[in-house]
Amino acid sequence: MAQDYRQVRLGKLEDLVAAGVHPHPERYERTHTLAEAAALDETVRGVRVAGRVIAKRDMGKNVFVKLQDFDGALQVMLARDALAEDPEESARQHKLFSKKVDLWDFVGVEGDMFRTRTGELTVRARGWSFLGKCLQPPPEKRLGIHDTELAWRQRYLDLVTNPQSRERFRLRTALVRAIRAALDREGFQEVETPVLCNKASGALARPFVSHHNALDMPVVLRIAPETYLKRLIVAGYDRVYEFARCFRNEGMDPSHLQDFTMLEYYVAYWNYEDNMRFTERLLREVIQEALGTLRIERGGRTIDFSGEWPRRSLREVIEEHAGIDIDAHPDADSLRAAIVARGVELENPGAGRGSLIDQLYKKTARGQLIQPTFIIRHPRDLSPLARASDDDPRTVDRFQLVVDTWEVVNAYSELVDPIDQRERLVEQAGLKAAGDDEAMELDEDYLLAMEHGMPPISGWGMGIDRIVALLSDAPNLRDVVWFPLMKPLGNIGGAPRTVLWAGEEALALGLYLADPPWLEVYALDGERVRHVSRGQQQPNKKARKKGEEGVLAFLRERARALANEGIGRELFVGEGRPLAALHELLPAVGGVGLADLLARLSESKFLAVENQARALARYVAALRSEVEA
RNA sequence: GGGGACGUAGCUCAGUCGGUAGAGCAGGAGAUUUUUAAUCUUCUGGUCGUGGGUUCGAGUCCCGCCGUCCUCACCA
């Protein structure tokens, strides 16, 4: 049916072309955006506006359409006798518009402002221009896209139909702009540091790993810009910042994305307390500017950014919510005993004291922190890049800003002592060697930079996606990312979904993978091979119970069924199975070329399945002619 | 990875107790001299995610798989 829509609309496009309309005009001269035009006086003449048709009401003589762009919408009226000087030409233009322009097409209109009988400001068209065709069926016009999956996969559908989504992204843009302007005013310089790195440094997280072909070396995508920005302080910058796209190869949930935007800045000569004061001022300013208020509604609760944000030590909040005074337990064993005594269950109770504190905090206190709160005094061994506190060397001079249980900002007085830093990184490297994927690597290049001298520094990082989601009452970070990463529809992780075209010459090809066993079906189309889904190709439980033979029987049966449906011939290919089993199957295609087939298979073993199929295509073609001959 | 929920027309959604798959929007044809979710006539559109099981009969009950979300775990 999508095909029907497309055919109808393609037909209309052809009709437009036949009527002398360019299907993809080069440009259109606007005098006003739709929002600007909507603010005009009703007497203004000679406006030219353009946008997407999101509503069309054809009254016979008059066609009313609503045009929309990102920031506004405006009604336009096309009357049968007003579209050209010549009445016949005007009628022709009217009919063309009425019959050939569909919802979601782009058009431009030239005309005069006026008010309709019902009082709506409207453009009375004196002429119209076709600007672009929508070939796909548009979403429901009033309700829009409600399926979150669809909204994420095809954001344009969401943005066109859902005003609240446009509002969220408008806020995101406005907030970033406000932050940039505020930092620039404060004497910061915006910089850019590498995304492709040798070491995953600056945070505790598992990186994405890739390979640099020309240099023939592994590279990782950055998990934080921190150590590069601090190198710039070594270089003499006082205040630097970067909106840094970062990548962490870890689990995802509504408050974590693999690919996210972090703002980090570093200031020479500040400590974390200077930074906390600045944070409060900066965020209040930019929230007020971008949002127009400091009080937001989120999940039915009011969150208030005005007033002074409480500063509470980790010790305090844990004592309040868990009833344990961590200072009374100077070592891991003692603290562990207290936690057990309180009946709090930790995931990793064998960890050291710092990690125990962290787990305890996350388990008991963090979930209660709704209003903006600074959490200070974190254990030293969780912050390998932070400066130890002069008051208590077991803690670091660090703060986090927590809002509605989300950690939004993380900042500290930076560790600037290269000797201490080396010791801590060696410690981390030890953890890594012991199997902790998230421990930091020893970053000699950074240590070398540190040894060239650092002033006191305070650094700061904020999750842009998180603050935007908080401020816009978005339940999931993916609601504030234009194109969040999604598993592709289609071949990944399941049966391919392409359907065989009717009458197409085809071939059924089973790829018998060891685990899980599976039958893949392809269509052979000249030189090309496509995936084809024909329902379930995976052996059911019953077949699997009978072991290998049952599985083979199942796959053979499926292939035979496909052949009976006219899909074509059978060919099984086994991988990771005894050759004998394969050999037994191959007679279905003549039992020739086994060695060649296996060679090709192993050659393409690490390619995607579809590539395997392509690699086999030539072989299959050869096989065919051989059989025919 | 554990637990829970969901998947029906292009979109938004109904579908009762297991008994002939529905509505609105969108789309086709027609009508319509200012409409506002325009209206009216008429028509089209379905692998009920997928495969199996139970049953005389499955969108509905059971199981496997695929996909998505939530939650727990993981996670500066």
Side-chain angles (χ1 to χ4, degrees), chain A residues 1-9 11-12 55-66 75 77 79-81 98-99 102-104 114-120 122 124 136-150 152-154 157 161 202-206 223-224 226 246 248-258 262 347-348 358 362 378 382-386 398 400 406-412 437-438 461-463 466 475-476 478 486-497 499 516 518 533-544 554 558:
Chain A
M1 185 160 120
Q3 284 298 319
D4 299 341
Y5 265 85
R6 200 158 173 279
Q7 283 311 320
V8 167
R9 287 181 172 233
K12 290 184 182 180
K56 185 180 171 198
R57 293 180 284 272
D58 192 339
M59 301 293 298
K61 186 189 169 195
N62 299 316
V63 185
F64 292 88
V65 296
K66 181 151 271 183
Q75 180 171 263
M77 185 185 86
R80 187 181 288 137
D81 56 6
S98 167
K99 297 294 177 192
D102 292 309
L103 293 184
W104 277 52
F114 82 111
R115 270 188 204 282
T116 62
R117 209 172 268 172
T118 49
E120 179 163 346
T122 303
R124 188 198 311 269
Q136 294 286 332
E140 220 282 344
K141 74 178 180 187
R142 315 192 290 275
L143 303 168
I145 294 291
H146 277 185
D147 181 345
T148 53
E149 184 180 348
L150 202 59
W152 292 338
R153 285 189 191 278
Q154 293 177 272
L157 300 179
T161 58
L204 305 177
R206 195 185 317 176
I223 56 174
E226 170 150 353
C246 298
R248 298 183 183 179
N249 204 347
E250 294 177 337
M252 61 202 305
D253 65 45
S255 66
H256 291 82
L257 292 178
Q258 272 65 57
M262 186 154 65
E347 300 314 316
N348 183 13
D358 188 52
K362 286 175 177 168
H378 297 73
L382 289 177
S383 322
L385 297 165
R398 169 179 171 179
Q400 286 181 319
W406 283 6
E407 286 162 16
V408 178
V409 171
N410 185 27
Y412 33 83
D437 302 341
E438 283 139 21
M462 177 170 78
R466 282 193 185 172
N476 192 308
R478 283 187 273 191
M486 301 289 283
K487 230 175 180 177
L489 297 175
N491 298 350
I492 300 290
R497 292 191 174 166
V499 176
W518 197 270
S533 173
R534 300 296 301 186
Q536 170 168 341
Q537 315 308 342
Q538 186 172 41
N540 57 24
K541 198 190 251 171
K542 203 187 279 178
R544 262 176 283 170
F554 177 91
R558 282 299 304 164

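Protein chains get the first letters and strands the later ones, always in sequence-line order, with residue 1 at the start of each. Values below: every heavy atom of this structure, side chains too, minus hydrogens, waters and symmetry copies. Quick caveat, the model's predicted, so the values are computed rather than measured.
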Chemist: Give one of base, sugar-phosphate or nothing for A:L103, where a contact means two heavy atoms less than 4.0 Å apart.
Modeler: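 Counting heavy atoms under 4.0 Å across all strands, the contact made by A:L103 is with sugar-phosphate only.
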
Chemist: Work out how far the P atom of B:A37 is from that of B:G18, and round it to whole angstrom.
Modeler: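 Nearest-Å result for B:A37 against B:G18 at atom P: 41 Å.
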
Chemist: Tell me if a side-chain donor or acceptor on A:T122 pairs with a main-chain N or O of A:M77 at a distance below 3.5 Å.
Modeler: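 No: the side chain of A:T122 does not pair with the backbone of A:M77.
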
Chemist: By side-chain hydrogen bond (donor to acceptor under 3.5 Å, both in side chains), which residues pair with A:K141, not counting sequence neighbours?
Modeler: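 Partners of A:K141 by the side-chain hydrogen bond (donor to acceptor under 3.5 Å, both in side chains) criterion come out as none, since no residue qualifies.
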
Chemist: So what does A:K12 touch, heavy atoms closer than 4.0 Å: a base, only the sugar-phosphate, or nothing?
Modeler: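 Sugar-phosphate only.
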
Chemist: Under 4.0 Å, heavy atoms only, any strand: does A:Q400 hit a base, just the sugar-phosphate, or nothing?
Modeler: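 The answer is nothing, as A:Q400 stays clear of every strand by at least 4.0 Å.
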
Chemist: Heavy atoms from C-beta onward define the side chain here; which of B:A37, B:C69, B:G28 lies closest to that of A:R142?
Modeler: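 It is B:A37.
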
Chemist: Test A:C246 against every option in A:Q258, A:M262, A:E226 by the side chain to side chain contact (heavy atoms under 4.5 Å, CB included) rule and name the one that passes.
Modeler: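 For A:C246, the side chain to side chain contact (heavy atoms under 4.5 Å, CB included) test succeeds with only one of A:Q258, A:M262, A:E226, which is A:M262.
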
Chemist: Check this for me: does the side-chain of A:D253 come within 3.5 Å of the base of B:C74 through a donor and an acceptor?
Modeler: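 Yes, a donor-acceptor pair under 3.5 Å.
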
Chemist: Output the single nucleotide from B:U34, B:C13, B:U35 whose closest atom is nearest the side chain of A:N62.
Modeler: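 The answer is B:U34.
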
Chemist: Identify which nucleotide among B:C11, B:C70, B:G28 has an atom closest to any side-chain atom of A:N476, counting heavy atoms from C-beta outward.
Modeler: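 Selected nucleotide (nearest to the side chain): B:C70.
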
Chemist: Would you indicate what A:E120 reaches in the nucleic acid, counting non-hydrogen atoms under 4.0 angstrom: base, sugar-phosphate, or nothing?
Modeler: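 It contacts base atoms.
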
Chemist: Under 4.0 Å between any heavy atoms, over every strand shown, what does A:I145 touch: base, sugar-phosphate, or nothing? Just pick one.
Modeler: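 Sugar-phosphate, backbone atoms only, no base.
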
Chemist: Using OP1 and OP2 only, check whether a side-chain N or O of A:H146 sits under 4.0 Å from B:C13.
Modeler: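 Yes, such a contact exists.
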
Chemist: Using Watson-Crick and G-U wobble pairs with both distances under 3.5 Å, what is the 5'-to-3' dot-bracket string of RNA chain B, with [ ] for crossing pairs and | for pairs outside the strand?
Modeler: (((((((..((((.....[..)))).(((((.......))))).....(((((..]....))))))))))))....

Chemist: If you look at every strand shown and take non-hydrogen atoms under 4.0 Å, does A:D58 touch a base, only sugar-phosphate, or nothing?
Modeler: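 Touches a base.
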
Chemist: Answer with base, sugar-phosphate or nothing: what part of the nucleic acid does A:W104 contact at a heavy-atom distance below 4.0 Å?
Modeler: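 It contacts nothing in the nucleic acid.
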
Chemist: Please pick, from B:G27, B:U12, B:U34, the nucleotide with the shortest atom-to-atom distance to any side-chain atom of A:L143.
Modeler: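 Of the candidates, B:U12 comes closest.
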
Chemist: Where the side chain of A:E250 is concerned, which of B:U71, B:C75, B:U34 is the nearest nucleotide?
Modeler: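 Side chain of A:E250 sits closest to B:C75.
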
Chemist: Taking atom types as they are modelled, is there a donor-acceptor pair under 3.5 Å from the base of B:U35 to the side chain of A:R57?
Modeler: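 Side chain to base: pair found, below 3.5 Å.
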
Chemist: Name the nucleic acid region contacted by A:P254, choosing base, sugar-phosphate or nothing; use a 4.0 angstrom heavy-atom cut-off, strictly under.
Modeler: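 Counting heavy atoms under 4.0 Å across all strands, the contact made by A:P254 is with sugar-phosphate only.
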
Chemist: Please determine if a side-chain N or O atom of A:K141 lies less than 4.0 Å away from the OP1 or OP2 oxygen of B:C25.
Modeler: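 No, no such contact exists.
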
Chemist: Within the 4.0 Å heavy-atom criterion, would you say A:G144 contacts the bases, only the backbone, or no part of the nucleic acid?
Modeler: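 The residue A:G144 makes sugar-phosphate contact but no base contact.
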
Chemist: Examine the base of B:U34 for any acceptor or donor lying under 3.5 Å from a partner atom in the side chain of A:R124, and report the outcome as yes or no.
Modeler: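 Under the 3.5 Å cut-off, the side chain and the base do form a donor-acceptor pair.
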
Chemist: Which one, B:G67, B:G10, B:U35, comes nearest to the side chain of A:P137?
Modeler: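 Selected nucleotide (nearest to the side chain): B:G10.
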
